[in-house]
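What you see is a predicted model, and the numbers here were worked out from it, not measured in a lab. Chain naming here is simple, since letters A, B, ... match the order of the sequence lines and numbering starts at 1 in each.
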Amino acid sequence: MVEYNHREIEEKWQKFWAKNKTFKCEADHSKPKYYVLDMFPYPSGTGLHVGHPLGYIASDIYSRYKRLKGFNVLHPMGFDAHGLPAEQHAIDTGTHPSITTDKNIKRYREQLDRIGFSYDWDREVRTSDPKYYKWTQWTFIQLFKHWYNKKTDKAELIEDLVKEFETKGNAETDAVVTPYWYKSINKNLFPFEEDREGIFTADEWKDMTEKQKQEMLMNYRLAYLSDTMVNWCSALGTVLANDEVKDCFSERGGHPVERKLMKQWSLRVSAYAQRLLDGLDKIDWFESLKEMQRYWIGRSEGGAVFFIIKGFEDKLEVFTTRPDTLWGATFMVLAPEHELVEKITTPDRKEAVMKYVECAKNRSERERQAETKKITGEFTGAYGINPVNGEKIPIWIADYVLTGYGTGAIMAVPAHDSRDFAFARHFNLPIIQVVVKEGEQPTDTQTWEDSYDSKEGKMINSGFINGLDVKDAIKSTIKYLEENELGYDTVNYRLRDAIFSRQRYWGEPFPIYYKDGMPYALDENKLPLELPEVDKYLPTETGEPPLARAENWVTEDGYPLETNTMPGFAGSSGYYLRYMDSRNEKEYFSREANEYWRDIDLYLGGDEHATGHLIYARFWNMFLYDLGLVCEEEPFKKLINQGKIQGISNIANVVNIESVSHSIELFRPPEDINKIITYILPPEISLPNCLSIRMPIEFINFENGKYFLTESNLKKIKLKYPKYNNYEIASHEDIEDTWKFFYNEPFDDYTKAYFINKEVELKPLVEKMSKTFYNVINPDDLIEKYGADTFRMYEMFLGPLENHKPWDTKGIEGVYRFIKKLWRLFYDEKGKLIVIDDKPNEKELKVLHQTIRKIQEDIERFSFNTAVSQFMICVNELTDLKCHKKEILEKLIVLLSPYAPHIAEELWSVLGNEPGISYVAFTEFNEEYIKENTFEYPVSFNGKMRFKLELPVDMSKDDIEKAVLAEEKSQKYIAGKQVRKVIVVPKKIINVVV
RNA sequence: GCGGAUGUGGCGGAAUUGGUAGACGCGCCAGACUUAGGAUCUGGUGCCGCAAGGCGUGGGGGUUCGAGUCCCUUCAUCCGCACCA
């Protein structure tokens with residue numbers, strides 16, 4: 001081979017790997033396992049851009065490295081194939097989403113294969129494949145059949161719960177249930193009085209009808225159906241999860257979202273809140289990511305306190321993190337949606353209160369958010385009795401209390417909470433100080449401008465806890481409340497149950513049918529329940545989900561099947577388990593497979609999954625752990641978020657000549673109204689109504705650090721993107737008149753210089769890489785030009801894996817030069833192999849072993865960019881040494897093979913080895929080769945480095961000191977001054993203090 | 001407002017444990033080869049200065065023989081959350 005030819009080499013070895021199934025892996029107990037996983041992609045229609053493979057390359061390098069280190073590596077890939085874009089495309093074109101999805105997957109696969117990844121494709125999963133989603137449905141059935149027992153702190157069978165009900169009723173049951181289910185449950189189905197708080201006896205259970213029993217059990221199931229306030233997106237015809245909604249608009253598509261009450265399937269994720277929180281301490285994730293999850297789970301310790309409502313039987317339960325401040329509670333506030341509002345409001349307040357409630361209900365979250373500063377509320381006319389001092393305090397309703405958090409009711413302590421304070425001031429309610437800091441005196445609350453921080457201090461105005469420390473006061477108050485049955489110690493979580501229904505077509509059907517209006521799970525042997533064909537992918541005329549269009553969407557016995565489908569995160573919550581045994585038709589995965597592969601040793605993906613996928617998948621895994629199906633409670637031992645690669649958009653400064661004409665009543669109106677020209681101006685020239693427009697990056701030239709658009713490229717742009725048809729690069733004459741008119745000065749020579757050659761400069765802007773910004777760089781073109789090895793190394797060379805960084809194609813040349821330079825160590829200009837068998841010398845061995853050490857250290861700490869630098873240093877030095885020795889080069893390419901596998905395989909076989917560098921042993925590091933006899937000490941005076949001095953490494957500190965002071969060059973810096981101290985750090989530094 | 005992260009040349013970045021700041025690459029400058037150069041090779045390149053030398057890791061202060069690294073303070077940018085009781 002004359003020249004380095006990446007096309008030939010890469011195609012050759014990719015074929016070789018595929019043909020030999022080089023990366024197929026099986027459980028092998030003679031080797032330690034290592035499981036490396038990438039978050040699988042959604043195969044979009046636009047294919048991969050350069051940002052996508054960043055994490056895949058890093059994980060592939062790590063996988064290949066681990067293989068060289070003797071590990072049995074599981075490194076699979078698959079596709080998150082359900083999703084909205086394919087469905088939207090189906091709605092628009094009538095093409096079945098599976099056809100679109102298959103096509104997109106095929107394209108992704110081609111692109112991935114060209115980068116040379118070492119995936120075991122035999123284990124590929126696709127979430128939309130019935131063979132895969134059979135197990136998603138199966139897991140759902142298990143969730144439906146289980147409840148959470150707080151006594152054993154795990155999920156247990158509903159059958160066992162039924163047995164308990166049959167013998168003892170539910171008085172002793174300690175389960176995670178839907179809060180206050182007994183208040184909202186249909187009275188016909190559950191005929192007991194409200195003050196029973198949902199407690200029934202064994203006999204009462206036995207007397208219930210089948211339907212009543214099912215209704216009751218629904219409050220316990222881990223997958224349950226309930227009326228839920230949801231984010232309804234009418235444009236998409238579906239419900240969205242909180243994290244799929246951004247500022248009241250859908251994250252995908254940007255359609256408006258409103259709140260609506262609907263019957264929805266939910267997963268009782270909240271049952272696992274504490275375990276999800278505790279588990280974070282056992283796993284190696286970025287601290288920032290753990291913090292996000294901790295915040296999302298939102299544990300807060302505190303107390304529940306009962307307030308009697310004056311004149312009613314009802315107790316009003318509130319949650320507070322500061323029960324010690326009870327004596328400072330001067331009013332109460334309910335959320336407008338609170339179920340007691342209507343009941344307790346006095347007739348004279350009814351109109352105002354109902355108006356407020358109505359108003360709050362109809363206001364979108366966005367409006368509520370926008371008015372955070374505005375204080376609103378209404379007095380209900382009712383009073384609560386403070387349980388610690390019997391004080392009568394007014395009950396208000398206000399927006400700032402949320403239904404979904406705590407009990408939807410608070411005791412307001414205006415002296416020590418800023419929102420309560422603002423509310424009290426606004427409505428002129430009393431403010432009582434109950435905490436004072438050490439060494440301070442209480443002051444008149446009338447004079448305050450804001451609430452007083454009460455995290456630390458002593459209690460005042462607080463009955464029997466006066467004088468106590470905040471910490472002790474909390475304990476004492478809770479003890480008192482519990483002893484007098486006025487409240488109890490409790491913990492609250494922000495984490496909500498996950499809504500699991502989507503009114504869409506392209507998702508997993510629920511394995512659920514309805515009998516007498518109640519849902520039942522299908523038999524497991526009926527799975528998978530395959531997605532039916534429909535005539536259109538839209539909701540029905542009556543607003544039912546698309547599956548309602550399917551003919552015969554009923555069980556064999558004629559019972560109607562559920563028409564909702566599962567959300568995107570259903571299929572991705574357990575895919576990592578299926579990879580362990582992905583061709584198993586009898587089980588989700590076998591016990592043996594799970595016990596061998598256990599958990600993911602390294603999980604790589606974007607941080608956008610911090611609170612969605614990574615919470616749901618942990619929940620899913622914990623549930624299967626409770627069932628004894630998986631052996632590790634936490635599925636992702638180590639997780640790294642790779643940064644996003646941003647695009648560079650090219651911004652043109654443009655002016656629409658018509659808008660200029662309008663704004664300054666300019667001459668020259670367009671002769672043909674259909675040909676209004678938009679002129680592209682140099683960035684420095686400003687005219688009224690100038691706009692910034694993004695120009696497609698593929699037609700932009702980069703010279704001398706600047707971006708340019710030429711006239712000939714503009715023509716090409718117009719051919720590809722008709723929206724630019726009326727764009728022209730402005731000539732001097734085009735805008736001379738406008739300029740003169742607007743600025744009342746001549747268009748000078750300096751400015752004229754911009755218009756030579758009809759070329760215009762564009763300004764770069766770093767932003768998200770996206771088709772809509774015309775800044776997408778496609779890996780295919782780069783691989784065609786430079787090869788996959790260069791592409792892989794360049795992506796790593798860009799910077800630390802976790803950083804977000806802009807893509808700069810220019811720098812790839814440097815890596816390409818490195819690859820070619822490496823090739824030159826093997827072949828001369830004439831294409832003659834010049835590798836020789838001579839014994840390596842000391843210098844060559846030193847470079848090699850320094851590189852071994854550095855590469856190993858860097859890869860172990862996921863510092864791939866510095867490893868690439870070291871390869872460059874090594875090749876540069878070997879080139880300088882004119883080293884063409886087989887013994888050195890062979891070891892170097894083993895080191896390099898995880899990064900640039902194709903050229904490594906090629907050169908490996910060129911040296912006469914059997915093909916298969918993927919499974920050789922990683923080159924051993926030998927300290928002997930890098931030992932030095934001397935060290936070149938940097939000598940500083942008063943901390944400033946002045947010169948270097950070479951000294952033997954075994955020289956004693958005293959001798960070094962003498963040598964430095966005797967050194968001629970030192971005299972200049974000492975210059976008659978007293979040497980106060982000489983610091984010698986062996987093999988580091990010498991510092992002389994004068 | 002709360003939580004987290006990041007600030008180092010013209011640019012991406014390096015400096016792993018307090019010990020030579022700017023590795024490696026891009027870009028730029030000069031030169032060689034060449035019909036040509038957007039190929040290749042050689043040398044240079046933090047800033048100021050002819051030099052000696054001085055100044056330099058967002059700003060200010062501190063600890064230390066010595067600080068990009070540790071502490072305090074402040075500013076800026078980015079990300080996440082947002083009336084969470």
Of the listed nucleotides [options], the one nearest the side chain of [X]:
| X | options | answer |
| --- | --- | --- |
| A:Asp858 | B:rU16, B:rA85, B:rG27 | B:rU16 |
| A:Arg494 | B:rC81, B:rG4, B:rU20 | B:rC81 |
| A:Asp399 | B:rG25, B:rG19, B:rC83 | B:rC83 |
| A:Ser288 | B:rA85, B:rG4, B:rG25 | B:rG4 |
| A:Lys854 | B:rG80, B:rC24, B:rU16 | B:rU16 |
| A:Met945 | B:rU20, B:rA15, B:rG4 | B:rU20 |
| A:Ile873 | B:rG27, B:rA85, B:rA23 | B:rA23 |

Expressed as a whole number of angstroms, how long is the span from [X]:[atom1] to [N]:[atom2]?
| X | N | atom1 | atom2 | value |
| --- | --- | --- | --- | --- |
| A:Ile989 | B:rG66 | CD1 | P | 11 Å |
| A:Met793 | B:rG13 | CE | P | 18 Å |
| A:Asn991 | B:rG66 | CG | C1' | 6 Å |
| A:Glu291 | B:rG80 | CD | P | 16 Å |
| A:Ile812 | B:rG38 | CD1 | P | 20 Å |
| A:Lys987 | B:rG18 | NZ | P | 19 Å |
| A:Glu317 | B:rA85 | CD | C1' | 13 Å |
| A:Tyr400 | B:rA82 | OH | C1' | 16 Å |

Write down the partner of [N] under the Watson-Crick or G-U wobble criteria, each distance required to be under 3.5 Å.
| N | value |
| --- | --- |
| B:rU16 | none |
| B:rU34 | none |
| B:rA52 | none |
| B:rU45 | B:rG27 |
| B:rG7 | B:rC75 |
| B:rC70 | B:rG62 |
| B:rA85 | none |

For [N], does OP1 or OP2 lie under 4.0 Å from any side-chain N or O of [X]?
| X | N | value |
| --- | --- | --- |
| A:Asn803 | B:rG12 | no |
| A:Asn865 | B:rA14 | yes |
| A:Tyr295 | B:rG3 | no |

Any donor-acceptor pair under 3.5 Å linking the side-chain atoms of [Y] with those of [X]?
| X | Y | result |
| --- | --- | --- |
| A:Tyr400 | A:Asp420 | yes |
| A:Trp327 | A:Thr325 | no |
| A:Thr866 | A:Ser863 | yes |
| A:Ser454 | A:Arg322 | yes |
| A:Asn492 | A:Ser300 | no |
| A:Thr477 | A:Asp324 | no |

Separation of the [atom1] atoms in [N] and [M], to the nearest angstrom:
| N | M | atom1 | answer |
| --- | --- | --- | --- |
| B:rG25 | B:rG3 | C1' | 36 Å |
| B:rG53 | B:rG68 | C1' | 24 Å |
| B:rU73 | B:rA85 | C1' | 33 Å |
| B:rG56 | B:rA5 | C1' | 26 Å |
| B:rU69 | B:rG18 | C1' | 7 Å |
| B:rG46 | B:rG12 | C1' | 16 Å |
| B:rA21 | B:rG13 | C1' | 13 Å |
| B:rG44 | B:rG54 | P | 24 Å |

- prompt: Quick one: CG on A:Asp607 to CE on A:Met39, what's the gap to the nearest 0.5 Å?
  reply: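 Here the rounded value is 9.0 Å.
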With sugar-phosphate meaning primed atoms plus P, OP1 and OP2, does [X] contact a base, only sugar-phosphate, or nothing at under 4.0 Å between heavy atoms?
| X | value |
| --- | --- |
| A:Arg817 | sugar-phosphate |
| A:Val993 | sugar-phosphate |
| A:Pro800 | sugar-phosphate |
| A:Ile983 | base |
| A:Asn876 | sugar-phosphate |
| A:Lys820 | sugar-phosphate |

query: More 5' along RNA chain B: A:Gly799 or A:Asp417, using each one's nearest nucleotide?
result: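 So the residue in question is A:Gly799.
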task: Hey, which sits more toward the 5' end of RNA chain B by its nearest nucleotide, A:Glu857 or A:His804?
output: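 So the residue in question is A:His804.
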Ring centres under 6.0 Å, that's the criterion: do [X] and [Y] meet it?
| X | Y | answer |
| --- | --- | --- |
| A:Tyr786 | A:Tyr794 | no |
| A:Trp396 | A:Tyr356 | no |
| A:Phe423 | A:Phe331 | yes |

query: Between the base of B:rU40 and the side chain of A:Lys821, is there a donor-acceptor distance below 3.5 Å?
result: no
message: Counting distance alone, no hydrogens or angles: does the base of B:rU20 have a donor or acceptor under 3.5 Å from a partner atom on the side chain of A:Lys988?
response: no
Protein-nucleotides 54-57 of chain B N/O pairs closer than 3.5 Å?
residue, atom, partner, partner atom, Å
B:rG54, OP2, A:Arg946, NH1, 3.2

field: Syn-anti status, with the boundary at 90° from 0, for the nucleotide B:rG38
entry: anti
message: I want to check a possible cation-pi pair here: A:Lys315 against A:Phe306, using under 6.0 Å from ring centre and within 45° of the ring axis as the test.
response: yes
- request: Give a yes or no on whether a salt bridge exists between A:Glu301 and A:Arg299, defined as a side-chain N under 4.0 angstrom from a carboxylate O.
  value: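 Between A:Arg299 and A:Glu301 there is a salt bridge, with a charged N closer than 4.0 Å to a carboxylate O.
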